[in-house]
Amino acid sequence: MEDSAAVAGLLWDEWLPAGVRRLIAEALPAGEADGRKLAVWLAGVHDIGKATPAFACQVDQLADVMRTQGLEMRSRQAMGPDRRLAPHGLAGQILLGEWLQERHGWAARQTGQFTVAVGGHHGVPPENGQIKALYDHEELLRTPGPSSGVWRQAQTELLDACADVFGVRGKLQSWQTVKVPQPVQVLLTALVIVSDWIASNPDLFPYFPDAGSRDGEERLVAAWRGLDLPPAWRAVEPAEDAQELFASRFGLPAGAKVRPVQEAAVGLAREMDAPGLMVIEAPMGEGKTEAALAVAEVFAARSGAGGVFFALPTMATGNAMFPRLLEWLKRLPGEGGGRHSVHLAHSKAALNEAFAGLLAGGGRVAAVDVDADAPGPGAAGAELVAHAWLRGRKKAMLASFVAGTVDQLLFAGLKSRHLALRHLAVAGKVVVIDEAHAYDTYMSVYLDRVLTWLGAYRVPVVVLSATLPAGRRRQLVEAYAGVRDEAAGSAPDEAVYPLLTAVVPGGRPVARCPAASARSTDVRVERLADGPDVLADRLERELVDGGCVLVVRNTVKRVLETARVLREKFGEQDVTVAHSCFVDVDRAAKDSDLLRRFGPPGKATARPAGRHIVVASQVAEQSLDVDFDLLVSDLCPVDLLLQRMGRLHRHQRGAGQSERPARLRTARCLLTGADWEAPVPVPVRGSVAVYGAYALLRSAAVLLPHLEGGPRRPVRLPADISPLVQGAYGDAPVELEGWAPTVEEARERFERHRADQEERAAAFRLGEVGRAGRPLFGWVAAGVGDTDDTRAGRAQVRDSRESLEVVVVQRRADGTLTTLPWLGTDTRGRERGGLELPQDQTPGPFTARVAASCGLRLPIQFSYAETMDRAIGELEQLYVCAWQGKDSPWLSDQLILALDEDCQTRLAGFALHYSPLDGLEVTRV
């Protein structure tokens with residue numbers, strides 16, 4: 001226990017962010033001095049529950065020694081299953097509470113807010129029923145009879161000694177009147193957990209007799225040096241104006257000017273009374289990411305945040321953000337450049353090249369030195385580390401700077417084991433939530449509850465969106481501020497855009513309406529009858545002089561059907577396919593290829609000189625900075641259509657930069673995926689399955705003025721973004737002749753679906769922040785137990801069926817298993833394709849990692865219970881014993897999908913065919 005207390009002191013002094021220390025300190029009479037003492041004391045007494053018969057009986061030899069000292073106890077067998085009523089955390093909570101009452105005069109109702117950190121140090125704060133059950137079996141705490149007094153005396157002496165050693169005896173009287181806020185209880189519990197885990201690590205604190213040659217101080221110094229945990233970021237508020245700030249942090253080209261939204265965001269952050277929530281709504285390509293990082297720097301300096309978490313909707317967007325986060329970190333000012341822990345937080349992070357580069361250093365810490373010649377005041381000597389101790393599945397988010405999927409944030413709203421650690425992780429950071437419009441009702445239930453807790457922790461939050469409905473903005477603001485409806489203040493004109501909205505916890509929102517940048521695009525929208533043949537004929541006319549077209553379909557099935565017809569018309573070399581059903585390594589290569597050919601000037605080194613068509617699913621909506629001459633899109637919710645339009649004429653192209661063909665110099669979007677001849681448009685079935693009829697009909701309704709009638713007015717970007725989004729998501733009825741019955745029927749289905757989502761999401765959602773002084777008893781009761789970034793864990797916070805993930809390999813005719821043959825070489829020139837995967841031994845690390853990089857999430861056909869069970873049963877027939885266990889971390893416990901030499905197989909009644917050109921095709925047999 002002394003080791004845990006000493007570690008807690010070091011964590012407080014050298015690792016815990018200033019904002020977290022400040023929040024704990026504010027709850028106590030003597031501020032930070034009290035906060036440190038309380039944290040150290042709780043870590044010191046957290047295992048007092050081991051001084052009970054229920055725990056001590058487990059090892060007969062040790063129990064016999066205690067019996068000779070008068071501490072009688074029954075054997076483990078004699079106690080039987082009753083022992084389960086007294087886990088040592090719960091027992092310690094009760095013993096500490098009794099000691100506070102009996103020795104220091106505390107009322108029973110005052111103790112729980114302190115003792116719950118002891119009771120919850122194994123990840124789950126006790127429930128009231130558990131507490132009562134243990135009180136009814138006091139023999140588990142102290143053996144009845146003459147020995148009871150001896151037990152009580154031993155327990156009291158231990159707690160007295162801790163009070164003296166850790167310096168809290170003189171504090172207990174003043175702490176009696178404190179009402180500890182629930183967020184502070186969570187943070188103290190988490191700090192005890194972290195201290196316990198470090199102190200329990202035998203590599204850092206060797207067991208006796210190995211440690212006998214060192215005194216306690218020497219052991220602590222050696223352990224802390226061995227752990228080598230990077231300190232929290234200590235941000236310095238930038239003194240530069242916005243232009244200088246963005247130039248130094250993001251390497252703006254000579255002559256480039258900061259955009260009005262960026263300048264206004266930094267200005268608003270500096271004007272706010274305290275850091276809080278800022279919602280940045282601005283067009284695609286306006287530099288919202290850079291604005292968020294600049295605001296985060298201001299917020300962190302003022303709040304004491306010790307890092308940043310950048311939450312993104314998908315693994316792909318997380319992967320794209322991670323190197324950008326690293327580049328920003330390289331330019332941050334600080335003494336000697338600073339030393340920061342970084343992490344990429346999703347289940348396949350180790351396959352990401354940028355993150356793998358950090359891990360490649362080996363040993364306890366992998367480090368990357370920042371280029372000393374990089375511009376910026378803090379460039380010299382900065383070090384970024386992917387710390388070994390922070391790579392564990394429950395510790396990864398404790399790194400200072402993290403990019404990852406939004407699931408990592410939503411997990412903070414899910415009642416699960418060790419939830420306190422997730423709260424500590426976000427409580428010490430600035431949280432940035434990107435693509436806020438991308439989260440449905442189910443996910444929003446969790447997000448709103450997390451925002452409520454973030455507001456209680458006073459965590460600065462930046463929310464980014466190009467297309468956020470006004471109603472959703474209000475919900476986000478209210479959740480964070482903890483202020484509802486009428487008291488929340490009035491919103492600006494819903495058509496105002498760009499828009500910044502800011503609020504502090506408990507406050508009223510303020511808004512800023514910066515000018516739009518000079519960049520604008522008029523997009524002419526035209527209806528196109530559905531059907532791949534119709535599309536092929538139209539594109540033949542449009543591309544007579546060449547040009548690059550993006551066709552976005554709402555389902556993978558439609559992507560593949562469309563590509564098949566277009567290839568018959570234009571040839572295979574002129575049609576590229578992109579969707580989510582590629583193995584990971586092919587998906588990454590596909591993204592890189594799209595950026596190489598269609599990215600911004602200066603980075604796009606191979607833009608096609610003639611014609612080319614990319615047929616993609618929703619993967620083209622976000623994260624890819626690509627530029628096309630013509631857009632074809634299935635009808636979809638209008639906010640997503642606007643995102644797709646953001647890939648149209650995205651960059652200025654002039655002489656020497658593949659100038660656009662004359663026919664395509666006007667930005668145009670051909671809207672298909674619906675029967676436009678019907679009295680009310682009828683979206684195709686696949687689109688209805690993905691988005692629902694109501695959202696599609698509302699989208700069609702607001703787009704109608706741009707689609708028909710007189711001279712059709714183009715969609716003006718960015719001016720029309722907010723009116724279109726607010727119109728599609730507002731409550732006003734659709735007043736179009738003949739539409740009312742169809743739209744009303746669709747609305748009723750939508751409302752039922754949304755209510756169902758809210759009800760299901762609420763089942764395991766964390767409760768509201770309770771009143772100060774109320775203990776966290778039952779905080780995660782009726783929860784999901786352990787959860788993590790697995791397919792099952794993600795299904796808890798996303799309204800999606802649990803999906804099957806497989807590693808795809810090839811089986812040759814002789815039964816040999818190999819990696820997929822077309823993988824080429826890695827960045828070091830090592831061949832990856834066709835590597836043999838031995839079945840009688842563990843594959844080498846490189847070979848195993850190559851195989852693991854071919855992970856694939858099977859489509860929805862395999863997510864239905866009966867089909868999933870059948871598929872798992874068939875996949876488990878290929879079980880390679882040599883690939884299991886800790887010696888094979890890349891392939892252990894993975895489901896393996898083996899394709900034949902023609903890249904085909906059958907699974908659960910479906911025929912599967914895979915190609916690097918088209919990805920996975922699934923056909924019912």
Side-chain angles (χ1 to χ4, degrees), residues 19-20 22-23 26-27 181-184 186-187 264-265 267-281 291-292 295-296 298-300 302-305 309 311 406 409-410 412-413 423 426-434 436-437 439 441 443-465 468-494 496 499-513 726 729 758 762 765-772 774:
V20 172
R22 191 180 304 155
L23 190 67
E26 287 176 3
Q182 285 199 333
V184 173
V186 176
L187 296 175
L268 180 55
R270 288 169 166 163
E271 291 172 24
M272 293 171 66
D273 294 335
L277 171 77
M278 183 184 296
V279 182
I280 302 177
E281 298 172 66
V295 169
V298 175
F299 276 174
R302 295 188 173 192
S303 69
F309 173 49
V406 73
L409 182 63
L410 301 182
H423 280 229
V426 294
K429 296 181 176 67
V430 178
V431 173
V432 181
I433 304 169
D434 199 9
H437 57 273
Y439 310 127
T441 299
M443 298 172 73
S444 295
V445 167
Y446 283 102
L447 180 57
D448 289 355
R449 183 53 47 85
V450 172
L451 284 172
T452 299
W453 279 88
L454 293 181
Y457 287 117
R458 298 204 296 275
V459 169
V461 178
V462 184
V463 176
L464 307 178
S465 179
L468 191 63
R472 184 69 191 118
R473 182 202 314 131
R474 285 193 295 271
Q475 290 170 347
L476 295 169
V477 168
E478 290 171 1
Y480 181 84
V483 178
R484 302 295 178 189
D485 296 333
E486 61 276 359
S490 58
D493 182 346
E494 292 186 352
V496 171
L499 178 64
L500 308 178
T501 308
V503 70
V504 298
R508 302 179 66 175
V510 297
R512 294 289 184 274
C513 306
Q726 310 317 330
Y729 287 94
E758 291 176 347
R765 179 188 57 183
L766 187 64
E768 297 267 12
V769 182
R771 67 179 184 275
R774 181 179 178 181

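Please read these numbers as outputs of a predicted model, since none were measured by experiment. Start at 1 with the first residue, then count along the sequence.
Annotation: the span from Leu23 atom CG to Leu187 atom CG amounts to 6.0 Å, rounded to 0.5 Å. Atom CG of Leu447 is separated from atom OG1 of Thr441 by 12.0 Å, given to the nearest 0.5 angstrom. How far CG of Leu451 is from OH of Tyr446: 15.0 Å, rounded to the nearest 0.5 Å.
Across Val463, Val503, Leu500, Leu499, a single residue satisfies side chain to side chain contact (heavy atoms under 4.5 Å, CB included) together with Val279, and that is Val463.
A pairwise comparison of heavy atoms in Pro275 and Pro505 identifies O-CD, 4.4 Å as the closest pair. Residue Val432 comes nearest to Ala292 through the heavy atom pair CG1-CB, 3.8 Å, listed as atom of the first residue, atom of the second, then distance. Nearest heavy-atom pair, Val769 versus Pro183, reported as atom, atom and distance to 0.1 Å: CG1-CD, 3.9 Å. Across all their heavy atoms, Ala762 and Val445 have their closest contact at N-CG1, 4.4 Å. Nearest heavy atoms, Leu476 versus Leu468: CD1-CD2, 4.2 Å.
Residues satisfying the side-chain hydrogen bond (donor to acceptor under 3.5 Å, both in side chains) criterion with Glu768, sequence neighbours excluded, are Arg449. Taking the side-chain hydrogen bond (donor to acceptor under 3.5 Å, both in side chains) definition, one finds that Tyr457 meets it with His423, sequence neighbours left out. Take Glu26 and apply the salt bridge (Lys or Arg N to Asp or Glu O under 4.0 Å) test, not counting sequence neighbours, and it matches Arg458. Every residue meeting the side-chain contact (heavy atoms from CB on, under 4.5 Å) condition with Ala300, not counting sequence neighbours, appears here in chain and number order: Trp233, Ala235, Ala305, Val430. Residues satisfying the ring-ring contact (aromatic ring centres under 6.0 Å, His included) test with His437, not counting sequence neighbours, are none. Listed by chain and number, the residues in a side-chain contact (heavy atoms from CB on, under 4.5 Å) with Ala269 are Met278, Val295, Val298, Phe299 (sequence neighbours excluded). Taking the ring-ring contact (aromatic ring centres under 6.0 Å, His included) definition, one finds that Tyr480 meets it with nothing, sequence neighbours left out. Applying the salt bridge (Lys or Arg N to Asp or Glu O under 4.0 Å) test to Arg765 and every residue at least two apart in sequence or in another chain returns nothing. For Ser444, the side-chain hydrogen bond (donor to acceptor under 3.5 Å, both in side chains) test picks out Arg472, with sequence neighbours left out. Listed by chain and residue number, nothing satisfies the side-chain hydrogen bond (donor to acceptor under 3.5 Å, both in side chains) test with Tyr439 (two or more places apart in sequence, or in another chain).
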- Please report the C-alpha distance between Arg771 and Gln182 in whole Å, then the side-chain angles of each, then the deciding distance to 0.1 Å, and finally whether the side-chain contact (heavy atoms from CB on, under 4.5 Å) criterion is met. CA-CA 7 Å; Arg771 67 179 184 275; Gln182 285 199 333; over 6 Å; no

- Asp448 and Gln475: side-chain contact (heavy atoms from CB on, under 4.5 Å), yes or no, with the steps? CA-CA 7 Å; Asp448 289 355; Gln475 290 170 347; 4.2 Å; yes

- Under the side-chain contact (heavy atoms from CB on, under 4.5 Å) criterion, do Thr501 and Ile280 qualify, and how do the steps go? CA-CA 7 Å; Thr501 308; Ile280 302 177; over 6 Å; no

- Item | Candidate pair Val504 and Met272, rule side-chain contact (heavy atoms from CB on, under 4.5 Å), full reasoning | CA-CA 8 Å; Val504 298; Met272 293 171 66; 4.0 Å; yes

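Checking side-chain atoms of Arg22 against main-chain N and O of Ser303 turns up a donor-acceptor pair under 3.5 Å. Proximity of a side-chain donor or acceptor of Trp453 to a complementary backbone N or O of Ala427 within less than 3.5 Å is not detected. Proximity of a side-chain donor or acceptor of Arg302 to a complementary backbone N or O of Arg270 within less than 3.5 Å is detected.
Residues Pro460 and Val431 are not in side-chain contact: their nearest non-hydrogen atoms beyond the backbone lie 4.5 Å or more apart. Taking the side chain as every heavy atom from C-beta outward, Val510 and Leu268 approach each other to under 4.5 Å. No side-chain heavy atom of Val459 sits under 4.5 Å from any side-chain heavy atom of Val426. Taking the side chain as every heavy atom from C-beta outward, Val483 and Arg508 never approach each other to under 4.5 Å.
The local environment of CZ in Arg774 is sparse, with at most 12 non-hydrogen atoms from other residues, nucleotides or ligands closer than 6.0 Å.
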